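Note that ligands are numbered from 1 as they come in the structure, with each ligand's atoms numbered from 1 the same way. What you are looking at is a predicted structure, and each value in this text was computed from that prediction instead of being measured. Here, residue 1 is the first one in the sequence, and each next residue gets the next number.
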Amino acid sequence: MTGRSIRVRGLVQGVGFRPYVWRLANELGLNGWVRNDGAGVSIAVGGKKLAEFLERLPNEAPRLARVDGIKVLEAEVSESGFAILESVAGDISTAIGPDAAICPECIADICDPNNRRWRYAFTTCTHCGPRYTVSRRIPYDRAQTSLAAFPLCPPCGAEYSAAVDRRFHAETTCCPDCGPQLSLLDAAGTQMLGDPVAETLRLLRDGKIVAIKGLGGFHLACDARDAVAIAELRERKQREEKPLAVMALNAASLQDYARIGPVELVLLKSAAAPIVLCPKAETQLSGIAPGLAWLGVMLPATPLHLLLWHEAAGQPAGTDWLAQPNDLLLVMTSANPHGEPLVIDNDEAVERLTGIADAFLLHDREIVVRCDDSVVRAGPAFIRRARGYVPLPIPLASGGPSVLALGGFLKNTVCVMKGREAFLSQHIGGLDNAAAIGFLEETVAHLLAILDVKPDLIAHDLHPDFASTHLALRLADEWGIPALAVGHHHAHIAAICAEHGVNEPVIGLAIDGVGLGPDGGLWGGELLRVDGNDCQRLGHLKTLALPGGDRAAREPWRMAVSALYGAGMEYRIGGWLKQYYPKRDAAPLLIMLSRNLRCPPTSSLGRWFDAAAGLLGLRDEAQYEGQAAMELEGLAARHGPVEPVVGGYRLSDQHELDFSPMLLALLACPDAALGAAQFHATVAAGLAEWLIAAVDREKVAKIVVGGGCAMNAVLMSALSRQLKAAGLTQFEAQQAPPNDGGLALGQAWLARRSFRSQ
Ligand code: ZN
Ligand code: ZN
Ligand code: FE
């Protein structure tokens, strides 16, 4: 009988692909077999409904599978019936996948009172559950995960070895008889009586703050409608104004608070289950995201989280309740006291969260590696890439030596390049404390272990004093391999070239906070010509003085004074200051500026945003990095697009772009929202003209825009409109964050190029 031999490539192992093929073949009455091998999955199949099989095979694949290619050849198929064959030994892809949200089938299991996993908080299968955060090393196999401590009971063992079961080789499967258990401790660390889920819900309803162990670390949870609880959480966490994320059962439960469009909904319901930034709706949740136009929301992604809502709904049987609005809204914020890395360990939780949490919802499944929630925005664009995405590789256009890149300082990540793939680590955070530096080292070791890589090269930031640079140099020395220093803004542009496979010269626009330039200056608004390892500075923004250095970055009013002074409008400072910040005294600042004392210049666009926010009276002091710029963006978004201010910028010799002329318009602007919108429009227009002129002059057709300011959606959409009108498009960061969270990717890409040209 003539049939087909089929080869399937992609992420098709460890995701329930073989049972899926088996079910599909049996449904269609086909004969043959399926098995894993070194290249993916191989299938032999014959029978009447062969055409339908071939059509459905890629389209109905399991949710965690990614089919990259299917090759079909004619073949003889002599089998009767359809079988799952033994894998070809020693030839199996051993990749570890990212953590995935609970799948619909497992939800049905835990909501079925007759199922042995009824209300079981650790239910998983091959379509869902933790992977990355429970894996110590490859291969992806139960013995290498933190589930190794829980030997399978006979019924679980039977499912694990039944080729047709959804839990066939589900490495983290377990049940109430053999798997991890929940416990609830009070603030003093004493075990509380009663059902841990029901008690946790009672405490949350009662206004208490509960530390809940999640997939990649602990969350601090409280009732998102309880303004007192939220104020208490902020007070205890010393997190005065940073936005908090909210978890709700479904989009229907959020409709008063957030505008969830179709793109946002797909992201929310994806297996990665990130925090999605959605435009706020009419009703404000008090104290959640003060001053911002966006609300970060996520849906319950683990059985444990889901059980809190199941409890709130009265423990219903079946799954109908999942579609109903549910009034339980929880703040879920990372438990990372003092900006240090996430808490992951039970004892550590009780110790480090003392005085913050009123109770601890724990379990005995160990978290092997910490991994924060990812934050994305429709686009889609990453703001933070972590749980649910790591360690999915970013595909590259070509292969090369293995590289480890250590990243920068803020929002740090590291990157390993291996073959034609780049593996960006989870968000590590700012390397300004010993714990974060420890986490950096852990992440490097873990990533190299799960990828089985020995680097040929190391890349790091140009800054000699970053902990990431120190570690890079130490490892290069230990391993006897070369280390390459990469400029901050060069790396921002290179990261985008890497993910888009752009190998030709580009005009790069790096718009950012402050980063060290190769000339030792504080860069951050740079027009570059990047040709692989060659990076030429074509121009920069007019520099602003930073009176008091870093302090100026935290106090937008200082940047406003500096911008006015720099534009020769010193005479306007007094009146303006009296109007917006009567308690502030500009005199000491003016002395510093006039004598050029502790006033380093920076070409950073981020500081221009601070100056504009300060000028419009938004705030004199920022509580966290980027706050003033985010508020400015929020105001502009709410106002809607406007025309740029005529003559609002100056472009001298195409080299220096100056927004000083805009300052007068802002001073005269009666309405902060209008001013914010005008500022965005004018900055976009200036940047567009700058880019268009550079494209003409340099005879380079491709434009790349990166850096932290590229996360500003209002700015970026205005910029692309302007470029489009000139017949140009820009490459942007899509698979990695455009901010410093993507630096390591660019560093690694450049290290490879330098290796090649050596
Ligand atoms: Zn599942
Ligand atoms: Zn079991
Ligand atoms: Fe940067």
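Residues C174 and R142 form a side-chain contact, since some pair of their non-hydrogen atoms from C-beta on lies under 4.5 Å apart. Taking the side chain as every heavy atom from C-beta outward, R384 and D373 approach each other to under 4.5 Å. In this structure the side chain of K702 never reaches within 4.5 angstrom of the side chain of I507, judged on heavy atoms. A heavy-atom distance below 4.5 Å is not found between the side chains of C106 and H127.
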### Task
Please test L541 against T602 for side-chain contact (heavy atoms from CB on, under 4.5 Å), starting from the C-alpha separation and ending with a verdict.
CA-CA 9 Å; L541 296 187; T602 178; over 6 Å; no
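Under the side chain to side chain contact (heavy atoms under 4.5 Å, CB included) test applied with P130, the options V368, I367, T302, L215 reduce to a single match, L215. For the side chain to side chain contact (heavy atoms under 4.5 Å, CB included) test with T172, the passing option among D99, V134, T123, T126 is V134; the others fail.
For the Zn ion (ligand 2), the neighbouring protein N/O/S atoms at less than 2.8 Å, given as residue and atom, are C153 SG, C156 SG, C175 SG, C178 SG. The Zn ion (ligand 1) has C103 SG, C106 SG, C125 SG, C128 SG as its protein N, O or S neighbours under 2.8 Å.
For D512, the N/O/S atom at the shortest distance from the Fe ion (ligand 3) is named OD2. In D740, the N, O or S atom that comes nearest to the Fe ion (ligand 3) is OD1. With respect to the Fe ion (ligand 3), H488 has NE2 as its nearest N, O or S atom.
Here the side chain of E555 pairs no donor or acceptor atom with the backbone of R551 at under 3.5 angstrom.
Under the 4.0 Å criterion applied to side-chain N and carboxylate O atoms, E625 and K411 are assigned as salt-bridge partners.
Summarising the geometry, atom CH2 belonging to W523 is positioned 7.5 Å from atom OG belonging to S603; distances are rounded to the nearest 0.5 Å.
Between H488 and H492, the ring planes lie perpendicular to each other; the angle is over 60°, past the 30° to 60° tilted range.
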